[in-house]
Amino acid sequence: MVDWDPPSRDYEFLFNEVFDAVGSIEGLGFDDFDWDFLSMLMEGWGTHVKEVWLPINEIGDRKGLRFEDGKISMPEEFKDAYKRGVEEGWFATSSKPEHGGMGAPTLFQAVTWAEFGTSTCMSLSVLPALTTGVYEVLAEHGVSELVDYYAGNLATGEWAGTMCLTEPHAGTDLGIISTRADPNEDGTYRISGTKIFITYGEHDMTDNIVHLVLAKVPGGPEGTKGISLFLVPKYLPKQWGDGSLSEITHDLSDSVNGVSCSGSEEKMGLHASPTCVMNFDESVGWLVGPLHEGMPLMFEMMNRERLATGMMGLGLGEIAYQNALNWSKDRRQGRDLKGARSPNEAADNILVHPDVRRMLLESKVNNEGCRALAAWTGILLDQMRSDDPDVSEPAEGLVAMFTPIVKAHFTDLGCETASTCMQVMGGAGYCSEYGVEQFYRDVRISKIWEGTNGIQALDLAGRKVTQGFGRNLRYLMWPLTDFIEENRDDEEMAEFNRPLHQGARGLQQITLLMVGEGMADPHFLAAGATDYCRYFGNVLLAYMWARIAKICLKRKGEPFYDAKLASARFFFNRIFPETLGLAAKIQSGPGPMMEYPEAMF
Ligand SMILES: Cc1cc2nc3c(=O)[nH]c(=O)nc-3n(C[C@H](O)[C@H](O)[C@H](O)COP(=O)(O)OP(=O)(O)OC[C@H]3O[C@@H](n4cnc5c(N)ncnc54)[C@H](O)[C@@H]3O)c2cc1C
């Protein structure tokens with residue numbers, strides 16, 4: 001039987017003691033959100049998903065969804081849970097009050113909401129996560145009639161949203177999509193084409209589904225520069241008349257819009273999350289944002305979804321850890337090599353074995369390090385809105401640079417953690433009854449969608465660190481170097497500060513190597529990108545653990561803080577040294593891959 005408790009104590013520590021979340025977003029329009037309110041939100045959401053989502057996670061995996069005659073029927077339990085979430089306002093926390101939302105800081109929605117939701121039911125959580133993304137793009141870039149009609153229902157989750165990018169021949173390479181948008185005289189467009197792998201493209205959880213579709217208007221520029229973004233609803237407003245949205249009624253009737261679903265994929269995991277083939281047959285669509293500016297707009301949504309995907313890695317890693325830990329306390333096998341710990345029992349529990357402790361600590365320490373980086377990123381997301389460029393510009397630069405790392409490093413670790421936790425449970429871990437194998441199957445997609453982790457690494461190494469002549473990297477290096485300097489003479493901090501210093505110096509050297517060699521030979525940069533992304537992720541987690549250690553050293557003797565110190569020690573001794581191997585791999589360059597004779601693959 002799977003169990004989970006929200007890691008609220010960890011968030012309380014991070015948001016109050018490590019980052020001063022409330023102070024950091026002061027003056028940014030969140031005056032009603034003091035710590036008491038935020039912690040109440042967190043507690044309420046944790047209780048909601050534990051009571052409503054966790055029990056249906058396994059049901060969704062087992063029952064899956066039903067595809068028949070172009071319609072997808074979701075498990076009744078999912079429909080009930082979703083309806084309750086809408087009624088209780090859980091999908092409207094970060095949307096604007098004028099659209100029926102609560103206007104809470106993004107740090108709640110992007111971090112705590114995302115982690116708790118994905119831990120308890122990833123299949124369900126992706127629906128409101130996508131809808132929020134569609135809402136945000138529309139609210140920011142849609143013309144007022146479009147916003148007036150669609151934003152409210154999307155903000156609350158009464159209608160659902162999707163993102164339609166991928167086509168049978170165009171996955172990573174969106175420049176070659178062939179979905180076309182022909183202009184109508186009334187200002188609307190006729191959208192025609194086939195999209196595949198569309199998450200929640202069709203379902204019966206909401207009355208309407210609003211698709212954001214990438215398409216090309218004939219005669220536009222080649223490649224990604226010719227792509228525009230369109231809003232294409234499943235059902236048209238009843239009286240859309242001349243194409244303006246002014247006369248609409250909320251009676252949707254059956255005015256289908258040429259949008260049909262011709263199948264849903266059978267998948268390794270996420271059995272209750274539809275993955276649809278969607279056909280658009282002269283469907284009426286409205287342009288969102290300027291013509292041919294579809295990619296930058298879709299990237300705004302994708303960047304949010306990339307952070308959300310990173311949180312999936314953490315969410316699944318956390319629930320896998322909690323269940324493996326519970327198991328290890330009860331499971332009795334063998335004896336402590338230094339003598340029996342429970343002599344009255346036939347065997348000790350497996351927690352006495354160093355190797356089991358290694359597996360559990362790798363999982364726990366990586367989860368907690370990622371949570372700290374997520375908390376910081378969440379605060380930065382809100383600071384991006386500041387009118388003060390001294391606040392908003394560094395925040396924007398850091399979020400841009402952290403996004404591929406959160407996406408790739410968190411999901412790599414999430415997959416490793418789910419696998420490691422399965423290992424902790426031995427044969428039981430492999431059996432459905434105990435739940436961890438579902439987490440392992442569900443989390444695996446997170447390395448693939450929203451741009452594969454290989455593509456994230458290329459984005460980091462090839463674009464984000466070089467942007468503005470290294471501006472983003474400087475926004476990180478300034479506070480990081482200050483921290484290292486401030487703690488240089490602190491004896492107690494030496495065990496954390498010294499390796500952090502070496503890692504930070506190593507990151508600068510490796511970055512120079514990647515960028516320098518990469519200019520002469522693009523294969524050099526591409527060959528090292530994945531290792532570089534992991535290296536960078538490790539340095540960021542090292543910075544988080546050193547900051548945590550600094551706080552905890554002042555409260556030695558209190559169990560929570562002592563445990564954090566022990567976790568920091570585990571990180572620097574058992575996880576961080578992998579950067580040495582990563583550096584060696586990067587330095588070996590592209591030769592080992594590119595000189596390999598193609599015919600011999
Ligand atoms: C369950 C599921 C849900 C999804 N949901 C959505 C959705 O809601 N909306 C949507 O639009 N799409 C969705 N997708 C599609 C998903 O985003 C793509 O599968 C993903 O971006 C990868 O594209 P691809 O599958 O075509 O792989 P390919 O592009 O064919 O890539 C294959 C391999 O080649 C590598 N590769 C490709 N190009 C390069 C390059 N230039 N440099 C280095 N390596 C490269 C990739 O990293 C990968 O390892 C979903 C997919 C799945 C499986």
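In each ligand, atom 1 is the first atom listed, and ligand 1 is the first ligand listed.
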Exercise for the section: State, without any angle test, whether Asn257 and Lys234 hold a side-chain donor-acceptor pair at a distance under 3.5 Å. Expected result: no

Exercise for the section: Could you list the atoms of ligand 1 found under 4.0 angstrom from a heavy atom of Lys267? Expected result: 1 (C)

Exercise for the section: Determine if the distance from atom 12 (N) of ligand 1 to the closest protein heavy atom is below 4.0 Å. Expected result: yes

Handout entry: Nearest protein heavy atom with distance in Å, relative to atom 20 (C) of ligand 1
Key = Ile448 O, 3.7 Å

Practice task
Evaluate the 4.0 Å heavy atom contact test for atom 1 (C) of ligand 1: does a protein atom fall under the cut-off?
Solution key: yes

Fill in the blank from the handout: heavy-atom search around atom 15 (C) of ligand 1 in the protein gives Thr166 OG1, 3.3 Å

Exercise for the section: For Ile198, take its heavy atoms, then give the atoms of ligand 1 lying under 4.0 Å from any of them. Expected result: 7 (C), 8 (O), 9 (N), 10 (C), 11 (O)

Practice task
Compute the shortest N/O to N/O distance between Phe197 and ligand 1 and return yes if it is under 3.5 Å, no if not.
Solution key: yes

Completion exercise
Nearest non-hydrogen protein atom to atom 26 (O) of ligand 1, with distance, is Gly171 CA, 3.1 Å

Handout entry: Heavy-atom side-chain proximity of Asp204 to Lys79 below 4.5 angstrom
Key = yes

Practice task
Would you check whether Trp449 has a nitrogen or oxygen atom less than 3.5 angstrom from a nitrogen or oxygen atom of ligand 1?
Solution key: no

Handout entry: Distance-only N or O hit between ligand 1 and Thr275, under 3.5 Å
Key = no

Exercise for the section: Determine whether the side chain, the backbone, both or neither of Glu450 has a heavy atom under 4.0 Å from any heavy atom of ligand 1. Expected result: backbone

Handout entry: Heavy-atom check, side chain of Leu229 versus side chain of Val213, under 4.5 Å
Key = no

Practice task
Determine, using ring centers only, whether His203 and Phe78 are less than 6.0 Å apart.
Solution key: no

Exercise for the section: Would you check the N or O atoms of Thr452, main chain and side chain alike, for any that come under 3.5 Å of an N or O of ligand 1? Expected result: yes

Exercise for the section: Please check if the distance between the ring centroids of Phe116 and Trp53 is under 6.0 Å. Expected result: no

Handout entry: Check: His409/Gln456 side-chain N/O donor and acceptor closer than 3.5 Å
Key = no

Exercise for the section: For atom 8 (O) of ligand 1, grab the closest protein heavy atom and report residue, atom and distance to one decimal in Å. Expected result: Thr199 N, 2.9 Å

Completion exercise
At under 4.0 Å between heavy atoms, what of Leu458 touches ligand 1? The answer is side chain

Practice task
State, yes or no, whether a side-chain contact exists between Thr275 and Lys267 at a heavy-atom distance under 4.5 Å.
Solution key: yes

Handout entry: Centroid-centroid under 6.0 Å between Trp159 and Tyr135 rings
Key = no

Exercise for the section: Using only heavy-atom distances, determine whether the side chains of Ser262 and Asn279 contain a donor-acceptor pair under 3.5 Å. Expected result: yes

Handout entry: Protein heavy atom under 4.0 Å of atom 23 (O) of ligand 1
Key = yes

Completion exercise
among protein heavy atoms, the one nearest atom 31 (O) of ligand 1 is Thr172 OG1, 3.7 Å

Problem - Heteroatom proximity flag, Asp173 to ligand 1, N/O under 3.5 Å - result: no

Handout entry: Ile445 near ligand 1 by a heavy-atom separation under 4.0 Å
Key = yes

Handout entry: ligand 1 to Met163 polar contact by distance, N or O atoms, under 3.5 Å
Key = yes

Practice task
Side-chain contact test, heavy atoms from C-beta onward, threshold under 4.5 Å: evaluate it for Pro75 versus Ile56 and give yes or no.
Solution key: no

Practice task
Could you find the nearest protein heavy atom to atom 21 (O) of ligand 1 and give me its residue, atom name and distance?
Solution key: Gly451 N, 3.8 Å

Practice task
With atom 44 (N) of ligand 1 as the reference point, say which of Thr309, Leu130, Ile455, Ile196 has the nearest heavy atom.
Solution key: Ile455

Handout entry: Distance (rounded to the nearest 0.5 Å) between Glu58 CD and Ser432 OG
Key = 8.0 Å

Practice task
Kindly state each residue pair satisfying salt bridge (Lys or Arg N to Asp or Glu O under 4.0 Å) with at least one member in residues 588-600, sequence neighbours excluded.
Solution key: none

Problem - Contact list for residues 430-441, test salt bridge (Lys or Arg N to Asp or Glu O under 4.0 Å), sequence neighbours left out - result: Asp61-Arg441, Glu437-Arg441

Exercise for the section: Specify whether the nearest protein heavy atom to atom 33 (C) of ligand 1 is under 4.0 angstrom away. Expected result: no

